Amino acid sequence: MTTSNRVPTAELHLHIEGTLEPELILDLAARNGITLPHPTLAELRAQYEFTDLQSFLDLYYANMAVLVTEADFADMTRAYLHRAAAAGVRHAEIMIDPQAHLSRGVPLATSVGGVAAALAESESRFGITTGLIAAFLRDESEESALAVLEELLAMDAPIIGIGLDSAEVGNPPSKFVRLYNRARAAGLRLVAHAGEEGPPAYVWDTLDLLGAERIDHGIRSVEDAALVRRLAEEQVPLTVCPLSNVRLRAVDTLDGHPLPRMLAAGLNVCVNSDDPAYFGGYVDDNFTALRTTFGFDAETVRTLAGNSIRSSFAADARKAELLEELDAWQG
Ligand code: HPA
Ligand code: ZN
């Protein structure tokens, strides 16, 4: 695939804080007078070897220390949109972790406001339509999540939905039933991470107890044949992140990734970058790695991109426009 011929796609699984590139971390640290534990690019880059989800989360949260002002959040978001446009992204639904900033003393108005300011210019500047999803940290309490959700609703934050992320194992979906009921009552869309490191039972419960409309990751679903049948029947969208799964050792190597099996089982899977600054690539890099490893042809890539567009929360007219663009894509 050449740079000029990226498949037009929607990115549905993207943590904005995970787009903070090492160079930008150092720039923002200098701008804000912050001394980092790993103050040079070489030292910082040496930290990007992960053994599991938690080892990544430790660095991901530590690096957020450089995000202080609204301009910091806006600059990070613009940098992502600029790179995503080059990757072929035409619609992006972006998660933010408001609690991770609040706990450092950064108000919601600063974090959400900064990201939202950049998103407001996204369509005209980058040709990318967007939606913002407030993700809640599942290793924090449900009370904390509910309080933050109420604050977001009270300030009329420009969010389209909620998500659930951070350390999965030991923090099952059953912990957040009231949160999802409240968000549903407020008219918000519902997504949640499940089946990244957690068992297939977490995917069942994310559907049945939380009523999630999309599952982020969901790769461990392949361990449960009855779950696979249900996901296929209901065409539940699964936002798969292949390079993330390799870097966090959810799979040993890309060639052992379940994506081809998920496609063969008729699941509604799409390709996303998750935390591209940490996992070795943006959505185009994920597609390139899949094509190289599995020999996916243009029709398979078109199927994956089509799934992402149809599974998005974009307006019907925007979906139609993007599907037409995808149809005309030459591969
Ligand atoms: N999984 C869970 N939580 C996260 C991730 C992830 O891949 N990225 C940022 N928070
Ligand atoms: Zn994620």
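These numbers were taken from a predicted model, which means no experiment stands behind them. Sequential numbering from 1 along the given sequence is applied to the chain's residues. Remember, it's 1-based here, ligands and their atoms both numbered in the order they're listed.
- L81 and L24 fall within a single hydrophobic cluster, where Ile, Leu, Val, Met, Phe, Trp and Tyr are joined by side-chain heavy atoms under 4.5 Å apart, directly or via other members.
- H82 NE2 to T77 OG1: the interatomic distance, rounded to the nearest 0.5 Å, is 14.5 Å.
- Across every non-hydrogen atom of S308 and C270, the tightest pair is CB-CB, 3.6 Å.
- With hydrophobic clusters built from ILVMFWY side chains whose heavy atoms lie under 4.5 angstrom apart, L119 shares a cluster with I128.
- Applying the salt bridge (Lys or Arg N to Asp or Glu O under 4.0 Å) definition to pairs two or more places apart or across chains, those involving residues 210-220 are E93-R214, R189-E213, R220-E223.
- Grouping the Ile, Leu, Val, Met, Phe, Trp and Tyr side chains by contacts below 4.5 angstrom, directly or via other members, places I162 apart from Y202.
- Metal site remark for the Zn ion (ligand 2): D274 contributes an N, O or S atom at a distance under 2.8 Å.
- Among the backbone and side-chain atoms of H13, an N/O/S atom is found under 2.8 Å from the Zn ion (ligand 2).
- Listed by chain and number, H15, L53, F56, L57, Y60, D165, S166, H193, E196, H217, D274, D275 each place a non-hydrogen atom less than 4.0 angstrom from ligand 1.
- Ring-centre distance between F279 and F56: below the 6.0 Å cut-off.
- Not one N, O or S atom of H217 sits under 2.8 Å from the Zn ion (ligand 2).
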